[in-house]
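Notes follow the structure.
A, B, ... follow the sequence lines: proteins, then strands. Residue 1 opens every chain.
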Amino acid sequence: KAGVTQTPRYLIKTRGQQVTLSCSPISGHRSVSWYQQTPGQGLQFLFEYFSETQRNKGNFPGRFSGRQFSNSRSEMNVSTLELGDSALYLCASSRTSGGYNEQFFGPGTRLTVL
Amino acid sequence: TQLLEQSPQFLSIQEGENLTVYCNSSSVFSSLQWYRQEPGEGPVLLVTVVTGGEVKKLKRLTFQFGDARKDSSLHITAAQPGDTGLYLCAGAGGTSYGKLTFGQGTILTVHP
């Protein structure tokens with residue numbers, strides 16, 4: 001069974017630009033969660049989508065948005081990039097989004113903002 | 001707000017030694033997961049514990065979930081250089097859909 005895939009693996013952008021990251025979950029998984037990982041803050045939850053609906057959202061500004069398609073693939077978008085947005089962006093898929101919530105992560109997209 | 005305190009933050013040991021990593025919270029979690037992450041890669045799921053008091057073994061790794069489901073530990077016996085990496089604990093809350101709360105991580109280095 002193929003794992004979670006994320007594209008692209010690496011991105012370099014400049015301040016003020018916008019970026020779109022893509023995530024394909026494990027087949028049969030309907031929940032996709034996104035996280036930002038930085039050395040100072042660790043892994044922080046951005047948002048979660050289940051059956052094309054955003055079910056939960058973390059404490060990030062509105063510049064961070066996402067969506068999920070009918071095939072469960074998900075994208076996240078960051079507009080008006082800031083230097084502090086440089087991070088490893090991880091998506092994780094899960095069969096359900098409830099309490100058990102066993103999540104499997106993709107390899108991440110390394111975003112560098114110059 | 002749910003928080004997970006993970007300790008120690010850094011661990012540097014010799015091959016063959018034993019070690020324990022702790023994950024503590026004042027909140028109750030529905031489940032707790034342990035991950036291992038290599039530099040530049042995503043976390044890889046090692047185990048999920050669900051029941052209070054549960055103990056799971058994965059070769060030389062032993063995972064325990066506290067009776068009250070607020071804390072967990074990871075014990076590695078006879079560590080090997082291949083165990084080197086970042087270990088993360090993550091808790092899932094009952095009504096917090098799709099959100100895992102992560103500890104800050106433990107960077108383990110095992111020297112040959």
Side-chain angles (χ1 to χ4, degrees), chain A residues 3-6 9-10 23 25-26 29-51 53-60 66 68 72 74 87-112, chain B residues 1-10 21 23 25 27-52 54 56 58 63 65 69-70 72 85-107:
Chain A
V4 178
T5 58
Q6 290 187 248
R9 289 294 311 275
Y10 303 93
C23 172
I26 293 170
H29 286 193
R30 296 167 65 189
S31 170
V32 174
S33 299
W34 288 88
Y35 296 85
Q36 181 195 66
Q37 186 176 27
T38 58
Q41 299 297 319
L43 273 107
Q44 294 192 293
F45 174 76
L46 282 155
F47 32 66
E48 186 258 2
Y49 286 87
F50 184 83
S51 293
T53 301
Q54 187 182 90
R55 297 284 293 272
N56 201 355
K57 190 177 191 307
N59 228 8
F60 279 82
Q68 187 179 35
S72 294
S74 178
L88 181 66
Y89 289 89
L90 294 158
C91 84
S93 77
S94 177
R95 193 172 296 278
T96 66
S97 66
Y100 189 78
N101 201 11
E102 192 172 62
Q103 294 188 5
F104 298 87
F105 283 81
T109 295
R110 169 71 62 184
L111 172 64
T112 302
Chain B
T1 304
Q2 293 180 314
L3 292 173
L4 266 174
E5 298 288 335
Q6 190 172 339
S7 63
Q9 193 175 351
F10 300 95
V21 178
C23 209
S25 175
S27 303
V28 175
F29 291 100
S30 300
S31 66
L32 199 136
Q33 291 154 46
W34 285 91
Y35 293 87
R36 179 167 166 261
Q37 185 177 20
E38 301 280 357
E41 297 293 328
V44 175
L45 180 65
L46 297 174
V47 78
T48 299
V49 285
V50 180
T51 307
E54 183 175 6
K56 281 192 174 179
L58 187 68
F63 304 87
F65 202 12
R69 290 187 289 136
K70 292 182 180 180
S72 182
L86 172 66
Y87 289 82
L88 294 156
C89 62
T95 57
S96 191
Y97 296 108
K99 176 183 177 181
L100 291 179
T101 299
F102 279 86
Q104 283 297 96
T106 296
I107 297 175

What closest approach, in Å, do [X] and [Y] show between heavy atoms, and which atom pair accounts for it?
| X | Y | value |
| --- | --- | --- |
| A:E102 | B:T48 | OE2-OG1, 2.7 Å |
| B:E41 | A:L88 | O-CD2, 4.0 Å |
| B:K99 | A:Q103 | N-NE2, 4.2 Å |

For this session: Report yes if some heavy atom in the side chain of A:S33 is under 4.5 Å from a heavy atom in the side chain of B:L100; otherwise report no.
Result: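 Counting from C-beta outward, A:S33 and B:L100 never come under 4.5 Å.
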Check whether [X] gets within reach of chain A through its side chain, its backbone, both or neither, counting any heavy atom under 4.5 Å.
| X | value |
| --- | --- |
| B:Q104 | side chain |
| B:E38 | neither |
| B:L32 | neither |

Pick one of side chain, backbone, both or neither for [X], based on which atoms fall under 4.5 Å of a heavy atom in chain B.
| X | answer |
| --- | --- |
| A:Y35 | side chain |
| A:Q6 | neither |
| A:L90 | side chain |

